Amino acid sequence: MDETIRRRHPEVLEKFNLIKERYISGWAALHEKISMGDLPSTLTPREYEIAALAASGLHNSEIAKKLFI
């Protein structure tokens, strides 16, 4: 993916890398919190389920299909 962006759309490479870094950072933080059971206690069971699916690497559309939304 990086090489494709670099080759075909060099004008957006910097923004792409920034978004990618933020995504990876957010995913890692969510995954760590779920694995440690450190999510806010105010989450509903459904919100916890969605967070767990997101932490497992599913995208929004995949989560929606899995949960029949």
Side-chain angles (χ1 to χ4, degrees):
M1 180 64 122
D2 291 350
E3 186 57 34
T4 300
I5 296 291
R6 187 176 295 112
R7 219 174 334 107
R8 295 185 180 178
H9 306 286
E11 70 280 3
V12 298
L13 182 61
E14 186 177 337
K15 184 72 169 177
F16 171 76
N17 284 329
L18 176 65
I19 291 169
K20 183 175 74 171
E21 287 173 23
R22 288 176 61 197
Y23 173 83
I24 291 169
S25 174
W27 181 87
L30 177 60
H31 186 68
E32 181 180 342
K33 286 192 174 289
I34 285 177
S35 67
M36 297 182 70
D38 192 24
L39 289 173
S41 61
T42 56
L43 290 181
T44 66
R46 184 64 157 194
E47 289 169 332
Y48 185 86
E49 182 180 15
I50 292 167
L53 291 170
S56 74
L58 295 181
H59 296 280
N60 290 346
S61 60
E62 296 167 316
I63 292 170
K65 284 180 186 175
K66 189 168 189 77
L67 299 178
F68 305 104
I69 296 174

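Not measured: the values here are computed from a predicted model. Just so it is clear, the values below take in all heavy atoms, side chains as well, and ignore hydrogens, waters and symmetry mates.
A distance of 12.0 Å separates CG of Leu13 from CZ of Arg7, quoted to the nearest 0.5 Å. The CG atom of Asp2 sits 3.0 Å away from the NZ atom of Lys20 when rounded to the nearest 0.5 Å.
Without hydrogens or angle criteria, Ser25 side chain to Arg22 main chain gives no donor-acceptor distance under 3.5 Å.
Counting non-hydrogen atoms of neighbouring residues, nucleotides and ligands closer than 6.0 angstrom, the CD atom of Glu11 exceeds 12 such neighbours. In the displayed structure, Arg8 atom CZ is contacted under 6.0 Å by at most 12 heavy atoms of other residues, nucleotides or ligands. The neighbour count for Asn17 CG, taken as heavy atoms of other residues, nucleotides or ligands under 6.0 Å away, is above 12.
Under a hydrophobic clustering in which Ile, Leu, Val, Met, Phe, Trp and Tyr are joined whenever their side-chain heavy atoms come within less than 4.5 Å, directly or via other members, Ile34 and Leu43 fall into the same cluster. Residues Trp27 and Leu58 are members of separate hydrophobic clusters, defined by side-chain heavy-atom contacts under 4.5 angstrom among Ile, Leu, Val, Met, Phe, Trp and Tyr. Using a 4.5 Å cut-off between side-chain heavy atoms of Ile, Leu, Val, Met, Phe, Trp and Tyr, with links allowed through other members, Val12 and Ile19 fall into different hydrophobic clusters.
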Stepwise, does the side chain to side chain contact (heavy atoms under 4.5 Å, CB included) test hold for Arg46 with Leu67?
CA-CA 10 Å; Arg46 184 64 157 194; Leu67 299 178; 3.5 Å; yes
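Here the closest non-hydrogen pair linking Ala54 and Leu30 is CB-CD2, 3.8 Å.
Salt bridge absent: Lys65 and Glu62 never bring a charged side-chain N and a carboxylate O closer than 4.0 Å.
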